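Since we're looking at a predicted model, the values are computed, not measured. Remember, it's 1-based here, ligands and their atoms both numbered in the order they're listed. Along the sequence shown, residues are numbered consecutively beginning with 1. Note that these values count all heavy atoms, side chains included, but never hydrogens, waters or copies made by symmetry.
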Amino acid sequence: MKLEVCNVSVAIGGTPILHDVSLDVAPGEFVGLIGPNGSGKSTLLRTIYRSVRPSGGTVLLGGADVWSLSARTAARRTAAVLQNSPTPPGLTVHEVAALGRTPHKGMFDRETAADREIVVDSLERTGMLGYAERIYGSLSGGERQRVLLARALVQEPELLVLDEPTNHLDIRARFELLELVHTVGVTTLAVLHDLDLAARSCDRLTVLDSGRVVATGPVLDALTPEVLSDVFGVTAVTERHQDGIVRVTYGARPLARAS
Ligand code: ADP
Ligand code: MG
């Protein structure tokens, strides 16, 4: 399903955080949202999964304004994997993943065989089926992140929103997680910290700086040496290598001079 963010502005407590931000993600596309700390990436995601209401502009999912939908319909369509997602204490991995069914069910509905099948399938895809009976709180950060992704898949969402999903993961697990998201093929907007990982994984990138979009488009067009220097403060180039993979290579003196 297509996501269109149109001229979204956010002010919190009178302080402007986002200014006229627009971006779109085509059905099945994987778009990366990048920018320095404090540039407004998480805030933009919040306007999409309905945790912060924009002070201007619209967020359309499949052409429908997500802020006009019922909370339940919106919750069914969009799954978010966030940093430090709160989960009730004492739940097993299976129970946490099964929470992804919640928006599809009535308050007193029991887990059906079909629900269980989706949960088992999602835990299998994220490599966490062997942990199903473990207490979620006893897992490592990386393992928790996989369970949260499993919960998002259990939801069978139209849109996946990820906020720095690879943060606690070791290098192999980072690649595995992003490959998995690609395989799932759901429309995805992901905040990624690691620019090289973003460059090689994403179809397109949108770059935020101080609450404004400063570049958007295919990776090579968005992540230019100028953007890397002006926005991220590093000397680097983005190139497509002979194997077809786009990589970011940092300079011998990686700190760009302040202009
Ligand atoms: P990013 O995810 O890119 O690091 P955030 O969206 O978290 O950035 O934050 C963008 C800016 O908005 C920061 O300056 C942050 O301090 C501010 N901000 C975010 N949430 C709030 C809030 N609830 N109250 C006040 N300021 C906030
Ligand atoms: Mg953030």
For [atom], grab the closest protein heavy atom and report residue, atom and distance to one decimal in Å.
{"atom": "atom 12 (O) of ligand 1", "answer": "Ile17 CD1, 3.1 Å"}
{"atom": "atom 4 (O) of ligand 1", "answer": "Gly38 N, 2.7 Å"}
{"atom": "atom 24 (N) of ligand 1", "answer": "Ile12 CG2, 3.3 Å"}
{"atom": "atom 7 (O) of ligand 1", "answer": "Ser42 CB, 3.8 Å"}
{"atom": "atom 8 (O) of ligand 1", "answer": "Gly40 N, 3.2 Å"}

* To do: Return yes when at least one protein heavy atom is under 4.0 Å from atom 16 (O) of ligand 1, and no when none is.
  => no
* Asked: Is atom 22 (C) of ligand 1 close to the protein, meaning a heavy atom under 4.0 Å from it?
  -> yes
Answer yes or no: is there an ion pair linking [X] with [Y], defined by an N-O contact shorter than 4.0 Å?
{"X": "Asp194", "Y": "Arg200", "result": "no"}
{"X": "Glu95", "Y": "Arg151", "result": "no"}
{"X": "Asp170", "Y": "Arg174", "result": "no"}
{"X": "Glu176", "Y": "Arg146", "result": "yes"}
{"X": "Arg110", "Y": "Asp115", "result": "no"}
{"X": "Glu239", "Y": "Arg247", "result": "no"}

For ligand 1, which atoms have a heavy atom of [X] less than 4.0 angstrom away?
{"X": "Thr43", "result": "5 (P), 6 (O), 9 (O), 19 (C)"}
{"X": "Pro36", "result": "3 (O)"}
{"X": "Asn37", "result": "4 (O)"}

* Beyond-backbone contact of Leu177 with Leu169, side-chain heavy atoms, under 4.5 angstrom ->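 A side-chain contact under 4.5 Å exists here.
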* Asked: Do Leu228 and Thr235 have side chains that get closer than 4.5 Å, going by heavy atoms?
  -> no
* Under-2.8 Å protein N/O/S neighbours of the Mg ion (ligand 2), ordered by chain then residue number ->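 Protein N/O/S atoms under 2.8 Å of the Mg ion (ligand 2): Ser42 OG.
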* To do: Please name all residues satisfying ring-ring contact (aromatic ring centres under 6.0 Å, His included) with Phe30, sequence neighbours left out, ordered by chain then number.
  => His182
* Asked: Just by distance, do the side chain of Arg50 and the backbone of Leu69 share a donor-acceptor pair under 3.5 Å?
  ->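 Between the backbone of Leu69 and the side chain of Arg50 there is a qualifying donor-acceptor contact (under 3.5 Å).
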* **Under 3.5 Å donor-acceptor, Ser201 side chain and Ala198 backbone** => no
